[in-house]
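Each remark here refers to the structure printed beneath this line.
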Amino acid sequence: MEKKKIRFGVFGLTRGNELIYCIEHSEAEVVAICDHRPAALAQSKDEWFRDRDVMMFENFDDFIKADFDAVLMSNYFCDHAEYSIRAMKAGKHVLSETLPNITMAEGVELCRVKEETGMTYALLENYPYYGDFIEMGRMYKAGTLGSLVYAEGSYIHPMSAGEQNGLAPGERHWRNWTPRTYYTTHALAPLMMMTDALPTKVTAMASFHPEITKGTALRTGDAAAFILCQTDINAVFRITGWAHYVTAASGNVLCGTRGSACVDPETGHVKVSFLHNDPAPYVKYVEWPDSEYGPIPEKAGHSGTDFYVINEFVKDLREGREPYFNVYRATMMSSVAILAWRSILNDNKCYDVPDFRKEEDRKKYENDRITPYPDENYRVNIPCSSQPHTPTEEDLETARRMWQNKDYLSR
């Protein structure tokens, strides 16, 4: 007997439309889509649903009442927690595409609502599913590298003014107000999954270079933020989030008491070295895609990792198991992002990373709603730049011209 497919609703169709392919090839199907832009709904319908019916909604209230099992949250980066909470309360499982919460109080509420409703919650973080990271994790867990001493994870993505403005079409767009520590899951998640280590303390420093913002509406003048995390296995992680600089290295390394493994930035293969060259250094060739799925991953985004992470979530739902990046690991990563930024703004102070499985940690942060994202009047209660920075009128005029000359689809 053929298994009944998991029925998905997709909320937010700029990124969401890119992920429909992955859902449809994972023993699941999309039956509902929601976006406030009629043009985005029409585009998705034309691209994916010409030959079958799909429920289409322009508002979340109607969408979340529809008949489906799980919702892919691919809406604005800074709005995921609110809608994820509403979705779980409506009896829907949640796959959240970006940082799950941007205030500490939202993280507390996410955990409480997940427990109250019994729904499955997972973070759609695709970077841990790259082949090189999976291979490095296998080596570490097999004991090849010894005990972990130090690990690096980086997300380095410098952008031209055109690329930045294309991805952030509007002065209040979330990308223009995001501190460099907040976009940190691409760097931190692979380290956590490779080693099963959890961050316990965090401190950070920023590198302020406002010249990178020329011609954009960026409100942060920082080129990068460098975050140090103590972990529960006595190893130290060093990570960056959405860094704007050029590097000749990959910035992804596991260093143990016996040896180290890193990603060769030119080949994408794993280079392994040992203490005293015993045994000799070697290169581990990583072959993708996984033959189990044939050519399916090749057609998915981010070198197939979009497919793997969504396919894993569908398996979790089918088998009734807890996702690896469940609500507790996900909110822990959010806490690292949020508290690292506070460290930068408070003379590099070190903060304990809360564990929201514990009620005493929840109590500490249940009313903490500090956020760098502006209200409709551009008011914030914490800055998004380590030093004062505001785009010039010339910068804003350049950005506005770009927005007027292209039909940008925001996300």
Side-chain angles (χ1 to χ4, degrees), residues 12 14-15 36-37 74-80 98-99 101-103 154-187 204-227 239-247 334 337-348 369-411:
T14 299
R15 176 67 169 134
H36 69 279
R37 301 163 299 164
S74 49
N75 53 315
Y76 281 121
F77 177 92
C78 53
D79 292 337
H80 278 228
T98 66
L99 196 71
N101 55 287
I102 51 94
T103 72
S154 297
Y155 179 56
I156 302 168
H157 187 179
M159 294 184 186
S160 66
E163 185 179 7
Q164 169 65 28
N165 291 328
L167 290 172
E171 291 183 44
R172 281 189 63 232
H173 190 279
W174 63 265
R175 283 184 183 270
N176 288 324
W177 297 79
T178 297
R180 292 292 179 183
T181 67
Y182 274 52
Y183 211 109
T184 201
T185 59
H186 285 342
M205 295 184 181
S207 183
F208 184 73
H209 291 280
E211 62 268 27
I212 66 164
T213 70
K214 185 175 177 60
T216 75
L218 270 169
R219 296 285 175 144
T220 177
D222 300 312
F226 300 94
I227 304 168
I239 58 175
T240 65
W242 187 23
H244 184 116
Y245 60 87
V246 178
T247 179
S334 291
I338 295 167
L339 295 176
W341 187 241
R342 293 188 190 178
S343 173
I344 288 170
L345 297 179
N346 290 281
D347 200 26
N348 318 114
R369 302 193 179 278
I370 297 172
T371 174
Y373 295 99
D375 62 17
E376 62 277 7
N377 296 311
Y378 291 81
R379 292 177 302 203
V380 297
N381 50 29
I382 190 172
C384 64
S385 184
S386 65
Q387 298 181 39
H389 174 74
T390 303
T392 67
E393 191 55 38
E394 181 181 358
D395 291 331
L396 292 175
E397 280 302 313
T398 300
R400 289 169 189 146
R401 284 196 299 270
M402 291 185 182
W403 297 333
Q404 291 169 356
N405 292 338
K406 187 171 181 179
D407 183 23
Y408 291 115
L409 287 176
S410 63
R411 58 174 169 178

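For the 3.5 Å distance criterion, the side chains of H389 and T213 qualify, holding a donor opposite an acceptor. Side chain to side chain, Y245 and S207 fail the donor-acceptor criterion of an N or O pair below 3.5 Å. For the residue pair Q387 and D222, no side-chain donor N or O sits within less than 3.5 Å of a side-chain acceptor on the partner. Neither side chain, S343 nor N348, offers a donor N or O lying under 3.5 Å from an acceptor on the other. Side-chain contact, T216 with N165: no donor N or O sits under 3.5 Å from an acceptor N or O. In the model, R37 has a side-chain atom that pairs as donor or acceptor with a side-chain atom of T14 under 3.5 Å. Using modelled atom types and a 3.5 Å distance limit, the side chains of H157 and E163 yield a donor-acceptor pair. Between the side chains of T392 and D395, a donor-acceptor pair is found at a separation under 3.5 Å.
Under a 3.5 Å cut-off, the side chain of T240 and the backbone N or O of F226 do not form any donor-acceptor pair. With W177 contributing its side chain and E171 its backbone, the two residues share a donor-acceptor pair below 3.5 Å. A donor-acceptor contact shorter than 3.5 Å links the side chain of R180 to the backbone of W242. No donor-acceptor distance shorter than 3.5 angstrom exists from the side chain of T371 to the backbone of T103, with no hydrogens or angles considered. Of the possible polar contacts, none joining the H244 side chain to the A224 backbone as a donor-acceptor pair under 3.5 Å is found.
Salt bridge status for R172 with E376: absent, with no side-chain N to carboxylate O gap under 4.0 Å.
A distance of 9.0 Å separates CG of N176 from CG of L396, quoted to the nearest 0.5 Å. To the nearest 0.5 Å, atoms CH2 (W341) and CD1 (I382) are separated by 8.0 Å. The structure places CZ of F77 at 11.0 Å from NE2 of H173, a figure rounded to the nearest 0.5 Å. Interatomic distance, NZ of K214 versus CD of Q164, reported as 15.0 Å (0.5 Å rounding). The OG1 atom of T181 sits 5.5 Å away from the CD1 atom of I227 when rounded to the nearest 0.5 Å.
Nearest heavy-atom pair across A168 and R175 is CB-CB, 3.7 Å. Taking all atoms of both residues into account, the shortest heavy-atom contact from A187 to S154 is CB-N, 3.8 Å. The two residues N101 and S334 come nearest to each other via the heavy atoms OD1-OG, 3.0 Å. For the residue pair T398 and G215, the shortest heavy atom distance occurs at CG2-O, 3.8 Å.
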Quiz item: Can Y373 and T178 be said to form a side-chain hydrogen bond (donor to acceptor under 3.5 Å, both in side chains), step by step?
Solution: CA-CA 7 Å; Y373 295 99; T178 297; 2.8 Å; yes
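Around atom CD of E393, more than 12 heavy atoms belonging to other residues, nucleotides or ligands sit under 6.0 Å away.
Residues Y183 and H186 place their aromatic rings such that the two centres sit under 6.0 Å apart.
Looking at T185 and L99, their side chains come closer than 4.5 Å, going by heavy atoms from C-beta outward.
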